[in-house]
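Structure first, then comments.
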Amino acid sequence: MLALALIACAVLPGLSVSAEGPSIPPVSRVEVVLDNQYKTQVPALTEAFAQAGMTNVHFQFVKRGQPPQNIGLGREVPADKAREAIRLAVKYNLGVGILLPERLFPPRFVTIASTIFDDTVEYPIDESTLARLQDPGLTNEEFHRLYRELTTTPKELPGRY
């Protein structure tokens, strides 16, 4: 039986067997909406996200206007990957001015410039608050505690709500 397992490992090196089970990526999916000017740069964009450790990236492009400057992170996205997502959002979407609550997303999901949310779930932030989230000294727990704090404060909604 051991010999059979060794042969299987030699023949199928792409499969990993461990006591902990299959490897789970830190970020399961990234959805990004960008300005139409980036439509011809998908390979470079894909490479930029891959270098940041996010390989399952799906891009959409708006035909007119600027996508919203928002970002949404799932509750299990590691702090280092969240900071990378913020960095990439600032680079390719001209900034991050709105946070979307993590309760809206699967645990390891990232969205940048999503167009499907309205002002009832958008939490505006300023540059100094964004800098607090980008602090490399924050642990995963500290990062998500701060993120939740910034996206769960009661909001006063406009009159129609």
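We use all heavy atoms of the structure for the numbers below, so side chains are in, but hydrogens, waters and symmetry mates are not. Numbering starts at 1 and runs along the sequence shown.
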- prompt: Can Thr111 and Ile71 be said to form a side-chain contact (heavy atoms from CB on, under 4.5 Å), step by step?
  reply: CA-CA 6 Å; Thr111 187; Ile71 191 163; over 6 Å; no
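- Nearest heavy-atom pair across Asp35 and Gly65 is OD1-O, 3.3 Å.
- A 4.5 Å side-chain heavy-atom check between Val96 and Gln69 finds every atom pair outside the cut-off.
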- request: Might you work through the side-chain contact (heavy atoms from CB on, under 4.5 Å) test for Val110 and Val77, ending with a clear yes or no?
  value: CA-CA 8 Å; Val110 173; Val77 173; 4.0 Å; yes
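- Panel note: side chain Asn70, backbone Ser114; a donor-acceptor pair is recorded below 3.5 Å.
- Leu34 is connected to Val90 through a chain of hydrophobic side-chain contacts under 4.5 Å among Ile, Leu, Val, Met, Phe, Trp and Tyr, so both are in one cluster.
- Contact of the Val62 side chain with the Asn36 side chain is not registered, since no non-hydrogen atoms from C-beta on lie closer than 4.5 Å.
- Between Gln66 and Asn93, the side chains place a donor N or O and an acceptor N or O closer than 3.5 Å (distance only, hydrogens not considered).
- More than 12 heavy atoms of other residues, nucleotides or ligands shown are found within 6.0 angstrom of CD on Gln37.
- Side-chain contact between Thr151 and Leu100: absent, with no pair of heavy atoms (C-beta onward) separated by less than 4.5 Å.
- Between Pro101 and Val121, some side-chain heavy-atom pair lies under the 4.5 Å cut-off.
- The number of heavy atoms from other shown groups lying within 6.0 Å of CD (Gln41) is above 12.
- In this structure, Arg83 and Asp135 approach most closely via the heavy-atom pair NH1-O, 3.2 Å.
- Looking at heavy atoms from C-beta onward, Asp126 lies out of side-chain contact with Leu130 at the 4.5 angstrom threshold.
- Interatomic distance, CD of Gln134 versus CZ of Arg87, reported as 10.0 Å (0.5 Å rounding).
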message: Assess the residue pair Phe109 and Glu76 against the criterion (side-chain contact (heavy atoms from CB on, under 4.5 Å)); give the C-alpha distance rounded to whole Å, side-chain angles, the decisive distance to 0.1 Å, and a yes or no.
response: CA-CA 8 Å; Phe109 183 87; Glu76 293 178 15; over 6 Å; no
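- Under the 4.5 Å side-chain contact rule for hydrophobic residues, Met54 and Val42 share a cluster.
- When every heavy atom of Ala113 is checked against every heavy atom of Pro67, the shortest pair comes out as CB-CB, 3.7 Å.
- Under the 4.5 Å side-chain criterion, counting only non-hydrogen atoms from C-beta, Phe59 is not in contact with Lys39.
- The CG atom of Leu88 sits 10.5 Å away from the NZ atom of Lys81 when rounded to the nearest 0.5 Å.
- Counting heavy atoms from C-beta outward, Leu133 and Ile86 have side chains that approach closer than 4.5 Å.
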message: Walk me through whether Leu104 and Phe117 qualify under side-chain contact (heavy atoms from CB on, under 4.5 Å).
response: CA-CA 10 Å; Leu104 300 175; Phe117 298 99; 3.6 Å; yes
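- Remark: side-chain polar atoms of Glu142 are paired, donor with acceptor, to backbone N or O of Thr139 under 3.5 angstrom.
- If you take CG on Leu150 and CG on Leu99, they are separated by 6.0 Å, rounding to the nearest 0.5 Å.
- In this structure, the side chain of Asn56 engages the main chain of Ser28 through a donor-acceptor pair within 3.5 Å.
- Checked against a 6.0 Å centroid threshold, the rings of Tyr147 and Phe105 do not count as neighbours.
- Between the CZ atom in Phe61 and the NZ atom in Lys63 there is a gap of 11.0 Å [rounded to 0.5 Å].
- Distance check, rounded to the nearest 0.5 Å: CZ of Phe143 to CZ of Arg148 gives 10.5 Å.
- Between Tyr38 and Tyr92, the gap from one ring centroid to the other is short of 6.0 Å.
- Side-chain polar atoms of Arg75 and His144 form no donor-acceptor pair below 3.5 angstrom.
- No side-chain heavy atom of Ile112 sits under 4.5 Å from any side-chain heavy atom of Val33.
- Between Leu73 and Ala82 the shortest heavy-atom distance is CD1-CB, 3.8 Å.
- Using a distance-only test at 3.5 Å, with no hydrogens or angles considered, a donor-acceptor pair links the side chain of Arg108 to the main chain of Pro25.
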